[in-house]
Amino acid sequence: MPIQYNAQHVDERYKPTLIANLFYKTFLIPGVTYQDVTADNNGGWFWHKLVSTGAAEPGTPGRDFVDEATSDNLIQCIYNNNYQKSKKIYGVQSSAVAFPLAEEQMALATQEVTEGRNLSALGCLITEGTAAASTTAITAENFLSEVLGVRKELVKAKGTADIVLCSPDFFGTMLEFAGQKFLPTTNEKLIAAAAGGQVGSFLGMTWMEHNAFAHTGTVTYYDYTGTKKTVSAAELGNVDFIMYDHNSLGLGDNFAQARMIDSELFTGTKAQVEENVGMRVLNPLMVRVRKHA
């Protein structure tokens with residue numbers, strides 16, 4: 001609507017800068033929070049997992065070996081999560097604004113694809129990981145015993161953990177408990193990836209605040225069987241943290257492209273982003289999902 005000072009209309013202008021859209025920060029950092037399975041010229045990966053027959057038992061000296069035939073199982077991850085965004089920009093629109101509309105739409109499409117991939121990976125961890133035993137509400141008073149209880153579950157399953165992915169509420173409780181014992185990271189790569197959240201070391205693990213736990217919609221992804229999995233907003237909001245070994249989450253793509261193309265149907269361009277991604281929890285015992293009731 002026009003601007004008036006008393007009965008006088010005054011001139012208006014549009015700023016050539018944009019107000020940024022807000023997105024959840026990614027927790028996906030190859031080699032830090034997941035095992036990178038990016039590849040070319042194939043539709044998926046198989047991992048060999050040798051079959052173990054158990055610990056060797058003692059016998060008396062002076063005896064022959066008992067041979068065991070080699071055998072294995074295959075763990076599959078396929079690239080079946082496809083993310084696309086296409087923004088249509090008419091030439092007359094670009095010529096009538098003071099900012100680079102096509103370039104800004106390309107940046108927006110890229111962020112939207114990244115956020116979709118990020119949410120799916122979070123849903124994959126929640127769906128395919130192992131639920132922690134306790135569901136007691138975590139406070140500053142019981143924080144240490146509850147966190148160490150989940151760590152014990154991992155250790156008793158013959159594993160270790162190096163990542164604790166935290167909801168904002170739980171991360172705040174951790175800071176309340178830990179105080180100066182929490183050491184913020186100086187790793188520029190981690191800081192850049194989690195901008196807006198916090199990353200640091202505590203109890204021998206990397207702790208990362210992730211605001212996507214506050215997502216108010218459903219989260220979906222396709223698992224390695226091609227089945228669409230859904231995590232509700234309520235289930236997402238009940239998760240306090242996910243403690244895991246980063247090598248237990250396999251994630252990567254076999255196709256990723258961003259392009260600006262001229263349209264044959266109108267005078268203008270399309271800003272298009274596409275990424276084809278595979279994701280799987282490779283060892284559910286090494287991913288513990290801690291929820292409150």
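Atoms considered below: every heavy atom in the structure, side chains included; atoms not considered: hydrogens, waters and symmetry mates.
- Checked by atom type, the side-chain pair Glu274/Asn82 shows a donor-acceptor distance below 3.5 Å.
- Tyr83 and Ser120 share a donor-acceptor pair across their side chains, judged by distance under 3.5 Å alone.
- Under the 3.5 Å distance criterion, the side-chain polar atoms of Asn81 are matched with a main-chain donor or acceptor of Tyr222.
- Taking the centre and axis of the six-membered ring of Tyr221, the NZ or CZ atom of Lys228 falls outside the cone set by 45° and 6.0 Å.
- Under a cut-off of 6.0 angstrom, the local environment of NE2 in His9 is crowded, with over 12 non-hydrogen atoms contributed by other residues, nucleotides or ligands.
- Checked by atom type, the side-chain pair Glu128/Tyr224 shows no donor-acceptor distance below 3.5 Å.
- Between the side chains of Ser167 and Asp169, no donor-acceptor pair of N or O atoms lies under 3.5 Å.
- When all heavy atoms of Pro168 and Asn211 are compared, the pair lying nearest together is CG-CA, 3.9 Å.
- A donor-acceptor pair is defined here as one N or O able to donate and one able to accept, closer than 3.5 Å; no such pair exists between the side chain of Trp207 and the backbone of Phe171.
- Cluster membership check: Tyr34 shares its hydrophobic cluster with Val231, using side-chain heavy-atom separations under 4.5 Å among Ile, Leu, Val, Met, Phe, Trp and Tyr.
- Between the side chain of Ser94 and the backbone N or O of Gly91 there is no donor-acceptor pair closer than 3.5 Å.
- A donor-acceptor pair is defined here as one N or O able to donate and one able to accept, closer than 3.5 Å; such a pair exists between the side chain of Asn118 and the backbone of Phe27.
- Heavy-atom minimum distance, Met106 versus Ala258: SD-CB, 4.0 Å.
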(request) Output, in order, the C-alpha distance, side-chain angles, deciding distance and verdict of side chain to side chain donor-acceptor pair (under 3.5 Å) for Asn276 and Asp253. (result) CA-CA 5 Å; Asn276 201 54; Asp253 61 66; over 6 Å; no
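- For the pair Glu176 (side chain) and Ala140 (backbone), a donor-acceptor distance under 3.5 Å is absent.
- A donor-acceptor pair is defined here as one N or O able to donate and one able to accept, closer than 3.5 Å; no such pair exists between the side chain of Thr227 and the backbone of Asp223.
- Distance OG1/Thr135 to CD/Glu146: 8.5 Å, rounded to 0.5 Å.
- Note that the CD atom of Gln35 and the CE atom of Met279 stand 14.5 Å from one another [nearest 0.5 Å].
- Distance check: Thr130 OG1 to Arg288 CZ gives 5.0 Å after rounding to the nearest 0.5 Å.
- Rounding to the nearest 0.5 Å gives a distance of 11.0 Å between CG of Leu50 and OG1 of Thr53.
- Salt bridge status for Glu112 with Arg117: absent, with no side-chain N to carboxylate O gap under 4.0 Å.
- Other residues, nucleotides and ligands contribute at most 12 non-hydrogen atoms within 6.0 Å of the NZ atom of Lys85.
- Side-chain contact between Tyr244 and Thr33: present, with at least one pair of heavy atoms (C-beta onward) separated by less than 4.5 Å.
- Summarising the geometry, atom CG belonging to Leu148 is positioned 8.5 Å from atom CZ belonging to Phe143; distances are rounded to the nearest 0.5 Å.
- Looking at Lys291 and Glu235, a side-chain N of the basic residue comes within less than 4.0 Å of a carboxylate O on the acidic one, giving a salt bridge.
- The side-chain heavy atoms of Val32 and His246, taken from C-beta on, include no pair separated by under 4.5 Å.
- Closest approach of Glu153 and Ser134 over heavy atoms only: OE2-N, 4.4 Å.
- Cluster membership check: Leu28 shares its hydrophobic cluster with Ile242, using side-chain heavy-atom separations under 4.5 Å among Ile, Leu, Val, Met, Phe, Trp and Tyr.
- Residues Trp47 and Cys77 approach most closely at CZ3-CB, 3.5 Å, considering heavy atoms.
- Note on Tyr90 and Leu101: separate hydrophobic clusters, where clusters join Ile, Leu, Val, Met, Phe, Trp and Tyr whose side-chain heavy atoms are under 4.5 Å apart, directly or indirectly.
- Here the closest non-hydrogen pair linking Pro58 and Arg63 is C-NH2, 4.2 Å.
- Side chains of Asn142 and Thr139: a donor-acceptor N/O pair is present below 3.5 angstrom, by distance only.
- No more than 12 heavy-atom neighbours from other residues, nucleotides or ligands sit within 6.0 angstrom of CG on Leu22.
- To the nearest 0.5 Å, atom CD1 of residue Ile29 and atom CD1 of residue Ile163 are 7.5 Å apart.
- In this structure, Leu144 is a member of the same hydrophobic cluster as Phe241, with clusters built from ILVMFWY side-chain heavy atoms closer than 4.5 Å.
- In this structure, Thr269 and Ala102 approach most closely via the heavy-atom pair OG1-CB, 4.0 Å.
- No continuous path of ILVMFWY side-chain contacts below 4.5 Å connects Phe213 to Phe23, so the two sit in separate hydrophobic clusters.
- Salt bridge annotation for Lys49-Asp72: absent, with no cationic side-chain nitrogen under 4.0 angstrom from a carboxylate oxygen.
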